[in-house]
Each structure stands twice: as structure tokens, then as C-alpha cells.
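Heads up: the structure comes next, in C-alpha cells.
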Amino acid sequence: MAEIPYRFVTDSRVEELITRHAGLEPGQETDHVVAIAGRLMLRRVQGKLAFATLDDGSGRIQLFAPSKTTPEFEQFCDLNLGDWVGITGVVMTTRRGELSVRVDSWVVLAEARRPFPDKWHGINDVDTRYRQRYVDLWVTPEARQTFLMRSRMMTLTRSFLEQRGFIEVETPIFHPIPGGANARPFTTHHNALDLDLYLRVAPELYLKRLTVAGFEKVFEIGRVFRNEGVSTRHNPEFTMLELYQAYADYHDIMSLVEELVEQLAVELTGSTVLTVADQELDVARPWRRATMIELIEESIGATLSLDMPLDELRTIAKQHEVQVKDTFGPGKLILEIYEKTTEGALWGPVFVTDYPAEVSPLSREHRDKPGMTERFEAILAGRELCNAFTELVDPEQQRSRFEDQAAQNAQGDDEAMMVDEDYIRALEYGLPPTGGLGIGMDRLAMLLTGASSIRDVVLFPTLRPEQ
RNA sequence: GGGCCGCUAGCUCAUCGGGUAGAGCAGGGGACUUUUAAUCCCAAGGUGCCGGGUUCGAGCCCCGGGCGGCCUACCA
């Protein structure tokens, strides 16, 4: 085999060539000489004339190679599917009208030493697709499309936030104290410091420290890690967008979420109507806003409140097959009833608002409803997309919420939070009224691409190792 | 964690009431100057996920294990 060059300069992408020469009649030869490179996807050798299909990632175009004009014609015909080649030649159309590049010179850029998957069926086995994503992405156009859309989604999200004055920051992934979400953390160890550390379950507490510091609008898009089971909606590491806006409350944040999602849908799909699992979801603003209590009442027809006797709540919970524990207060019972009876039936888009303080250790108490907090989750296509609230700013209240959490942790709830003294110290310097938001970007990508499994929007999902 | 299903050539898939496997594509050889998943001819390609058991004989039946999928549970 010929030497593999160290460099190959292209001047065109296939996508551009197709657009530029869209109207070309059959049998035309232009004076447009191009240099393109990509992977050989198909090959049709016909004696003294060879055709091939090149894929450069932007699209596919035919290569036209007559023996008379193609250098080293025999070797060109011996190329294997999957080989990378660099081509220079004129743009032309064949007798049948197929837009092609005539191979006036060519060079091998990489050999495919492993066999090409079935050129028509590609790879069907999802295990292989996830494990060998590098193969999946070039033989499965939908997979490529999904990840291109995800990339654009991230870019558009960043510019959406930057246009509104948010600055992007990066906070630690190693946390001495895990916090910001109720989730079991991964643990690790720093040798030189002889220090046990946790991989973050959320960046929340660091971002609010930055609000204390005087950054009015901050966001972070980053990986978080939760030591939980995997499913079509859960990958142990996933990408979270969190943002904090000083002087704002949860109503402002709801408006922001609506705007973001509507805009992404229009820019990425051209419509506010998305298709998920063969059902339509219209994300056009405004979205319905309803309290958790209202939605439960709609769903089960019973009246609930935090003030009613605990026994009555327990009875209702048991009627709906909620597994009740003695430690559950009224707030936890209401949340459990919501999750068991109501959440799964919601399609959305809907903002579910006003969560009990008992289950919302970082949210500020509702301005009118004692025992409730100003918190919401958005449900889209039956899935929870985000979690947001008017932030708890009072250090004393925060300490007491942390202590409740720590007590639950001590009782064996390894998802409950611990007391973060430094975070309380930060609050003591003064956190202004602040609205905060966390969005699972993988789930947002699922929504926008119509993917039914989170693994279809994560390039390399967590799997058991082979063998 | 529980239930159900799957695993056969590099890829996509067959076969059978238990009788030690077959095709297309890819890869190899040959024919072919306008093909489009090109076509045609030839040859090659297998630890039937792994390990036990039943049987004269197991890819197929039984048990255990592995990996994956779906559902469920868990999961802010």
C-alpha cells in the first residue's frame, strides 16, 4: 500500500457541491475542480469504468473513475468499503444525471482493516451500536443526525443564555460534600491529599455561591454523576444545565424555560410540534401552570392539604398503593401520592408547581402557602424535564433544612443531603432573591430528536464492559 | 433488584419433531466503459455467547452463568 500522507487539503464539502450544482443536466462536465475527502461507502467496478460513493460526513457523492483518466486505476478498484480517500477532480454528471466527481487524482488516507458492516442494513444490534459508536455513526444516518442536532441544541442554548446576559462558569466536579440534589453519589479518593471525594450530583450549591459573589446571572452546562440504575431515561453520568438569576423568582424561570424550549424546537425542527413516541407534543407558549395539589385532585378526585390529619393522608396514600413509611411527614406523603397517581398520566407541557418544603430542602417557602415552596417541575411528553425554584436564601432556614436531611441520611437514606457548613457561611454573606433552574440536557435532546432511549442521545452510554 | 425476550459467519438474517448449519452483503479470485444496494461466475468463511446436564446424538430440551433489550422497581 502507498504511503499514507500526513495531510490532505480539501476545498469543498459534499453538501456544498450538491447545493451548488443542483440544476446540472445529465452528461455535463463543469470546469469546477474540487478536492474532497471521506470514506468509501459503495463501489461499483465495471471493468474499464468504476463508480464509488464517498461520504464526507456532510453528505454522499458519486465518484466517477474511467480507466483512461484515473491514475492507478487497478488500485483504485481494489479499494475497500470503509477506506478513507482524498479525491481531486472535476464536478460532472453521468449519462443518468448523477452528480459526480471525476477521479483525476486520488490518495488513500486510511485503510479499513476491519470488515464493513452490511452496506444496506448497517448495524441493527443496539449493543454493537452503543459499544462501537464509531461504526454506528457512519453507517446509521439517523444516529449521525441525532448527534448533530444535539450539538446544535447545546450551541443554541448557550447563545440563548448569553443573549440574556448569563455568563458560563465551571465549578468543581470533585465535591468534599455532595449536595444540590437527592441522589446517591459516586465516591473517589485523592491520594496526595488523602481525601475522600464525591463526584457531584449537581453543581447547584457552587453556582449559588457565585450569586453570593455578585455574578447576577450564571449558568453551567456540565456532567453530573448519580450512582443509580440505568434505564431508557437514566444514564449514570448525564449533562445538566443549571442557571441562577438574581432578583428573579420561579415565575420568571418558568417563562425562561418556555422560551428556551419553544425556540429550540423551532430552530431545530422548524415547528413547535414535536413527535415523541408517535404522539404529538406542542411546546408553543404559554404552557399550563398548575399546582401539584390541583393536579392530584384532578387525578384522584380527593381533596388534599398539608394541614389535614396525617392519618387521613396516610389512608389516601395506602388507597393508592403508596408504600408508606413511618418517617413520612405530610409533605412526603403528598409527593408520593403525586408520583404514584398523577405524574405518570401527565403528558404536558405542564409546569407542576408548589412542592412541599419537606421534600424541597433548597427551595424558598411559598410566599402565601405555609409548608409549601415555590418550586416547579416541567413535564413534557410524560417525562420530567427540569426542576426549578425560588431559591432559599435564609441561612438559618437552610441550616435547619440541611439538618432534617442529615437526620434522614443518618437513618439510612443515602440519597439525603448532608450539612454543608461552607454553603451556609456563604448564605450568611447574603444571597439576594434568586431563581434557579436545572434541566437534564439529555432528556431535552430526547424530546427534540424524538429519541425513546437516553442511550440514543448519549454518544457513549454507560454499559458493562465486554467479556 | 424482579419479570419477559434475545444471542447462529465481520454485518443482516435463515434452517429443525433433537440427526453436528445455509443465504445475501462485506472480504478473496475472475468477467464487464454510464453504474446507483450494479450484475454474473468461482472459491473460502462457524467454539451456534460460556459452562454443565439429559440423550446414541443438542444451535434446538433442562440447569447455571455472561451480555444486551423491553417492562417494572429505584431515581427530584
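Labels below follow one simple rule: chain letters A, B, ... track the order of the sequence lines, proteins then strands, and each chain is numbered from 1.
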May I ask you to say what [X] touches in the nucleic acid, namely base, sugar-phosphate or nothing, with a heavy-atom cut-off under 4.0 Å?
{"X": "A/Glu98", "value": "base"}
{"X": "A/Pro236", "value": "nothing"}
{"X": "A/Arg114", "value": "nothing"}
{"X": "A/Gly82", "value": "nothing"}
{"X": "A/Glu339", "value": "nothing"}
{"X": "A/Arg455", "value": "sugar-phosphate"}
{"X": "A/Asn387", "value": "base"}

- How are the rings of A/Phe376 and A/Phe351 set to each other: parallel, tilted or perpendicular (split at 30° and 60°)?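 The rings of A/Phe376 and A/Phe351 stand perpendicular, inter-plane angle above 60°.
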- Kindly state whether the pair A/Trp120 / B/rA37 counts as stacked, where counting means centroids closer than 5.5 Å and planes tilted less than 30° apart.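 Given the distance and angle limits, yes, they stack.
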Would you tabulate the nitrogen or oxygen pairs shorter than 3.5 Å linking the protein to nucleotides 29-34 of chain B?
residue	atom	partner	partner atom	Å
B/rC32	N3	A/Gly47	N	3.1
B/rU33	OP2	A/Lys48	N	3.3
B/rU34	O2	A/Arg95	N	3.1

- Query: Below 4.5 Å, heavy atoms only, C-beta onward: do A/Leu207 and A/Val169 meet side chain to side chain?
  - Reply: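 SC-SC contact between A/Leu207 and A/Val169 confirmed.
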- Report yes if a donor N or O on one partner sits less than 3.5 Å from an acceptor N or O on the other, where the partners are the side chain of A/Asp127 and the base of B/rG69; otherwise report no.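 Flag unset: no donor-acceptor pair detected.
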